[in-house]
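One structure is given here, and the rest of the page talks about it.
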Amino acid sequence: MFVYNIIEIGNYRGNIMENKNRVIFHVDVNSAFLSWEAAYRMHLGSSIDLREIPSVVGGDVESRHGIVLAKSMPAKECGIKTGETLYKAREKCPELVIVPPNFQLYIMYSDELIEILKEYTPDIQKFSVDECFLDFTGMEHMYKDPVALAYEIKGRIKKELGFTVNIGISNNKLLAKIASDLKKPDMVHTLYPSQIEEKMWPLPVEALFMVGKATAPKLHRLNINTIGDLARYDRNILKQKFKSFGTMIWSFANGIENSQVRSDSHIDVKCIGNSTTQPFDVKDMETARKVLLFLCETVCLRLRNSKNLCSLVAVSMRNSEFINYSRQRKLDYYTDSTIKVWNIACELFKEGWKGDAIRNMGVRVSKLCSNDFMQISMFDDRNVEKMRALDKTIDNIRMKYGSYAIVRCSFLNSGLNAINGGYRL
DNA sequence: TCTGGGGTCCTAGGACCC
DNA sequence: TCTGGGGTCCTAGGACCC
């Protein structure tokens, strides 16, 4: 999203000057999945507000999806973290209320949020299901005070949709994002360059965008513990140790970032993937082929919907020891055919599989191009047009009557889901 | 004890060509 | 028989984000 747009040190001043007049908001839904569950349940008349009790949105333990996806503030106070196992969460808080996720609902709320925001500016970049950037640059005649505007937007969302957001304001996306993360929930914060030293530098270095659990310990070994430590560190040493990533996080620590707010229509998708953890370990080729087929079904449906073709297919595996490995192949043609992608995925699995027990499998297609003109491989069989027509027919039936309206007979009585996941944040 | 899913980008190492 | 180096492409793996 920020793209790895490293500004060389010579442009440092220039960057500040360029950004000086920009007005960027970052809107972040507080504990999104949980807030949306709570808002929806209250809308249906529930007297319990999940946000006010220790609660989490979590997957199903039985089918090995048992992790925390979102937590309430009281759950956070018990020490519960997003991503940890429900087992651990329950240990920390025995009275914890766990509700299953409902991705359709989240997409609905996300769309409603965007509809409200669109009333204020057309320059919106949806960064994820619960976050987006807004650009108000050049709109000073309409909105004189950005902070007052943020309060108005925040208030409307709360009143009309029933959940709270944090809004961060600055003159670039990075600072706006860090601002929205400062203190939660239901708050508006500014983080202008003049406030970096006071508001951002005292924060732990982990609070910086792109500093995750692998990078943080490496920085600590260099005695870099706060964002300020990183900002003041020798940039050349960071470059030497971490390559371009080093100069990027150094720039971020100094508040330097100048990417544009890009509305969704200007963002080209780079890859489409679907992976799933099975309730049981896959130990034979026949089951693997079935799992790969339903993964390919959703991936290729989405590929065709995006009006793209792909020329790279990848298969990933995670075994029962939690070791990940993968296999990929570049094609010398482009395709969006379910059967074709599936055949390649099966070959890749066969080549790569080490014979171990597989808990998670994934299929991903990339190196996409528009399907406006389809270059049919010289060596393609003559059924290409027929296969495309078949895929299109199946897509139409599924979109009209639902995913399960038409199911391949190999899934009948197989104990597997014919269509998997496919929700897109 | 149990550990999701959807993305983007970077890098090391090897193959291959000139 | 033993020896270059530069460039590009591909694969596998891993980092980060939500």
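We name chains A, B, ... by the order of the sequence lines, and we start the count at 1 in each one. Heavy atoms only: backbone and side chains are in, while hydrogens, waters and symmetry mates are out. Being a predicted model, the structure only gives us computed values, none of them experimental.
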Please tell me which of the listed nucleotides, [options], lies nearest to the side chain of [X]?
| X | options | result |
| --- | --- | --- |
| Q328(A) | dA12(C), dC18(C), dT3(B) | dA12(C) |
| K88(A) | dC16(C), dT11(B), dT1(B) | dT1(B) |
| T215(A) | dT3(B), dC16(C), dC10(B) | dC16(C) |
| I67(A) | dG4(B), dC10(C), dG5(B) | dG4(B) |
| K243(A) | dT11(B), dC18(C), dC10(C) | dT11(B) |
| S275(A) | dT3(B), dG13(C), dG5(B) | dG5(B) |
| T85(A) | dC16(C), dT3(B), dT8(B) | dT3(B) |
| N360(A) | dG5(B), dT11(B), dC16(C) | dG5(B) |
| V269(A) | dT8(B), dT11(C), dC10(B) | dT8(B) |

Next item on the list: Check step by step if side-chain hydrogen bond (donor to acceptor under 3.5 Å, both in side chains) holds for H220(A) and E206(A).
Entry: CA-CA 10 Å; H220(A) 292 159; E206(A) 291 84 350; 3.1 Å; yes
Notebook entry, point to check: When we call it a touch if two heavy atoms are under 4.0 Å apart, what does R364(A) touch: a base, just sugar-phosphate, or nothing?
Noted result: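 Nothing, no nucleic acid heavy atom in range.
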Notebook entry, point to check: G66(A) near the nucleic acid: base, sugar-phosphate alone, or nothing, with a heavy-atom cut-off under 4.0 Å?
Noted result: sugar-phosphate
Report yes if a side-chain nitrogen or oxygen of [X] is closer than 4.0 Å to either non-bridging phosphate oxygen (OP1 or OP2) of [N]; otherwise report no.
| X | N | result |
| --- | --- | --- |
| R318(A) | dG4(B) | yes |
| S244(A) | dT11(B) | yes |
| K177(A) | dC17(C) | no |

Next item on the list: May I ask you to decide if the ring planes of Y106(A) and F103(A) are parallel, tilted or perpendicular, using 30° and 60° as cut-offs?
Entry: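 Aromatic pair Y106(A)/F103(A) classed perpendicular.
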Check: Taking the same atom, C1', in dG4(C) and in dC17(B), what whole-Å distance lies between them?
Finding: 14 Å
Notebook entry, point to check: Under the criterion salt bridge (Lys or Arg N to Asp or Glu O under 4.0 Å), which of R304(A), K307(A), R388(A), K392(A) is the partner of D336(A)?
Noted result: R388(A)
Item checked: 5'-most by nearest nucleotide on DNA chain B - K270(A) or R359(A) -> R359(A)
Next item on the list: Could you check F242(A) against T277(A) and say which one's nearest nucleotide on DNA chain B is further toward the 5' end?
Entry: T277(A)
Margin query: Quick check with a 6.0 Å cut-off and a 45 degree axis cone: is K177(A) positioned over the face of F133(A)'s six-membered ring?
Written below: no
Notebook entry, point to check: Does K340(A) make a cation-pi contact with Y333(A) (under 6.0 Å, within 45 degrees of the axis)?
Noted result: yes
Without decimals, in angstroms, what is the distance between [X] [atom1] and [N] [atom2]?
| X | N | atom1 | atom2 | answer |
| --- | --- | --- | --- | --- |
| H65(A) | dG5(B) | NE2 | P | 4 Å |
| N324(A) | dG14(C) | CG | P | 8 Å |
| K218(A) | dC10(B) | NZ | C1' | 12 Å |
| K241(A) | dT11(B) | NZ | P | 16 Å |
| L69(A) | dG5(B) | CG | C1' | 9 Å |
| Q125(A) | dC18(C) | CD | C1' | 13 Å |
| L312(A) | dA12(C) | CG | C1' | 12 Å |
| F245(A) | dG14(C) | CZ | P | 16 Å |

Check: What does dC18(C) pair with, Watson-Crick or G-U, if both distances are under 3.5 Å?
Finding: dG5(B)
Next item on the list: Compare the aromatic ring of F209(A) with the six-membered base ring of dC17(C) and state whether they stack according to the 5.5 Å and 30° rule.
Entry: no
Checklist line | Any donor-acceptor N or O pair under 3.5 Å, side chains S251(A), N254(A) | finding: no
Note to self: Within the 4.5 Å heavy-atom criterion, are L149(A) and V23(A) side-chain neighbours or not?
What the structure shows: no
